[in-house]
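Single-structure report; data block below.
By convention in this document, chain letters (A, B, ...) are assigned in the order of the sequence lines, proteins followed by strands, and residues within each chain are numbered from 1. No experiment lies behind these values; they were computed from the predicted model shown.
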Protein chains: 2
Amino acid sequence: MSASATQTVYEQLRVSLLAGQYRPEAKLKISELGSAFSVSTGAIREALARLTAEGLVTAMPQRGFRVAPVSVADLRDLTEMRIEIETKCLRRAIANGDLAWEAAVVAAHHRLAVTPIAAADGGFSPTWILAHGDFHAALARACDSAWMLRVRDLLFAHNERYLDLARKTDRGNRDAAREHRELMEAALARDPDRAVAAMTAHIGRTRDTIEPALRRAETDEVG
Amino acid sequence: MSASATQTVYEQLRVSLLAGQYRPEAKLKISELGSAFSVSTGAIREALARLTAEGLVTAMPQRGFRVAPVSVADLRDLTEMRIEIETKCLRRAIANGDLAWEAAVVAAHHRLAVTPIAAADGGFSPTWILAHGDFHAALARACDSAWMLRVRDLLFAHNERYLDLARKTDRGNRDAAREHRELMEAALARDPDRAVAAMTAHIGRTRDTIEPALRRAETDEVG
DNA sequence: TTTCCATTGAAAATGTATTTTTGCTTCGCG
DNA sequence: CGCGAAGCAAAAATACATTTTCAATGGAAA
C-alpha cells in the first residue's frame, strides 16, 4: 500500500464517522475495527487518538473509545459558531481571491450541481457529500488566515455528522442547489454583503432542517 | 500510576511543548521519548498522534514527528484570531456569568498576582504560566458556548508556545500585572466594552512584545 | 573532481504477545 | 428473596519483536 496503515484507517474511519455510519455514543471496539480493516490494534489506537483530539470520538481511559455524542444544544452552538466563522472567511476570501479562486469555485459548483444528492438508502450520496464539502471549502479557501480556515474546517467536519440526519425530513422541499448557486454568484460578483447573507441563510436553514429530526431521535432514545 | 501511561505522556509532553522546552522544528524521536518517560513506543506514538491533531506537532509519514514550526506570520494570524474569539467569549461571559464566575475570576487573579513571573533561567516560571492560563480561562469560562470555549482553548494553547520567547525582550517594561487587573475590574464591573478594549490591548501588546524576539530568532537561523 | 548508484545503518511503522483493568455474572450469605 | 462480594471473561493498555522505509555515506565511473 502507498500510505501508512494508520493514515488509511484514520481517513476511512473519519469519512465513516462523518457519514454517520456509526451511531453516536456507539462503542468503537479496537479489536473489531482491527479485524474489519485487517490491521493491528496499534494502528487503530493511533487513528482513534487523532480522531479524539479532533473531537469526533471521545476517549474514556481504560474504557475504550466511543463515537462523540450529538445533541440539539451542540447543533445550535455549532451552527452559531459556523455562521460567525464561515462568514468571516467568506468576506476575506472575496476580498482576497484571485482568478484561480474564482475558477476553483466555479469548478466545484459545477461538480456539486451535476452530482445526484440521494443515495440508494435515502441518505446523501457519498459523492455528493464530498462535492458539497469541496464546494464550501473552495469558497473559503482564498481567506488569507490559516487559523480561520483551520477552525472552519473543524466546524464544518462536525457539521457533516449532523447532515445525514437531515435527509429524512428534507423531502426535496428545500432547494439546496438554489442556495449554492446564489452563494457562488454572490462570491463571483464580489458582493460580500450578499454572499454573507446567503451563507447565513444557508447555514441557518441547514440547522432548521436537521433539528426536528434530531429532536425526534433524542426523544425516541429516551422513550 | 492512576491515569494511563498515554494520558500521562500526553499531558507532560504538552506542557513541555507549551513551555518551549523543545525547539520548534526539532525532531521528536519516539525511542528517545520512550526511554525518557520510560514507557513503550506505542504510548508515545499515541500521545504524539493526539498532539498532531491539536497542531502542536507535525507528523511526516514514515519520517516521524517534529515540533510544529513557529513564524511571525503565524503569530500575527494567531493574534488576530485570538482577539476575535477571546473578545466574543468575554462579552458572553460578562453577560452570562454568575457570582461563582466572579469569585473564580477574583481567585484566579489573586493567584496570578502573587506568583512571581521570572524563573531562574530568565524565562517565565512554570507556576506563573499556569496561573496566567488559569486566569484567562476563568475569565472566559462563563461563556455559554462550548464551541467558542474550545476554539479559545486551542488558540490560547498555541499562543503559549510563543510566550517564552517574549521574556527575553520583555525587560519588565511591560506592566502585565496592570493589564490583568484592568481586565478583572472591567469584567467584575460588567462593562463589556471596557473589558473588550482591555483584552484587545492585552493580546495585541503580547504580540508586539513577542514579534521582535521572534524576528531576530528567525534571521539568526538563516544567517 | 563530480555525480550517481549501491550499500548500510538508524528510526519509524506494524504486528504480536502479555498484563492489567473493568464490567458482568454467579454464588453465597443475610 | 434481595444484596453484596468474589471470580470470570472481555477488552484495553502496554511491552516487545519484526518489518519496512528513508537517508547518509562511501565507492566507482564518467
- Query: Does A:Lys27 have a side-chain nitrogen or oxygen under 4.0 Å from the phosphate oxygens OP1 or OP2 of D:dA11?
  - Reply: no
- Item | Whole-Å distance separating the CG atom of B:Leu33 from the P atom of C:dA13 | 13 Å
- Query: With sequence neighbours left out, which residue pairs that include part of residues 64-75 of chain B fulfil the salt bridge (Lys or Arg N to Asp or Glu O under 4.0 Å) condition?
  - Reply: none
- Task: Could you tell me whether the side chain of B:Thr8 reaches within less than 4.5 Å of the side chain of B:Phe37, counting heavy atoms only?
- Result: no
- Note on the structure: Whichever of A:Arg63 and B:Arg45 has the more 5' nearest nucleotide on DNA chain C, that residue is B:Arg45
- Under 4.0 Å between a side-chain N or O of B:Ser31 and OP1 or OP2 of C:dA10? no
- Which nucleotide in the list D:dT21, D:dA12, C:dA12 gets nearest to the side chain of B:Gln62? D:dT21
- Restricting to pairs with a member in residues 87-106 of chain B, which pass salt bridge (Lys or Arg N to Asp or Glu O under 4.0 Å), not counting sequence neighbours? A:Glu80-B:Arg92, A:Glu84-B:Lys88, B:Arg91-B:Asp193, B:Arg92-B:Asp144, B:Glu102-B:Arg190
- Task: Can you tell me the distance, in whole Å, between the CD atom of B:Gln7 and the C1' atom of D:dA13?
- Result: 13 Å
- Query: Quick one: is A:Ser40 getting a side-chain N or O under 4.0 Å of the C:dT14 phosphate, OP1 or OP2?
  - Reply: no
- A:Ser4 side-chain proximity, nearest of C:dA13, D:dT14, C:dG15: C:dA13
- Message: Output the rounded distance in Å from CZ (A:Phe65) to P (D:dA11).
- Response: 15 Å
- Message: If you define the side chain from C-beta out and look only at heavy atoms, does anything of A:Leu28 sit under 4.5 Å from A:Leu33?
- Response: yes
- Task: Starting at atom CD1 of B:Ile30, determine the distance to atom P of C:dA10, rounded to an integer number of angstrom.
- Result: 17 Å
- Message: For a quick check of understanding: with a heavy-atom distance under 4.0 Å over all strands, which category does B:Gly64 fall into, base, sugar-phosphate or nothing?
- Response: sugar-phosphate
- How close or far is atom C1' of C:dA11 from atom CZ of B:Arg66, stated in whole angstroms? 13 Å
- Interatomic distance, A:Ile44 CD1 vs D:dT14 C1' [rounded to whole Å]: 17 Å
- Task: Kindly say whether A:Gly34 contributes a backbone atom to a donor-acceptor pair with the side chain of A:Ser38 at under 3.5 angstrom?
- Result: no
- Task: Find the distance B:Lys29:NZ to C:dA13:C1' and express it as a whole number of Å.
- Result: 17 Å
- Message: Can you measure A:Glu46 atom CD to C:dG15 atom P for me and round it to whole angstrom units?
- Response: 12 Å
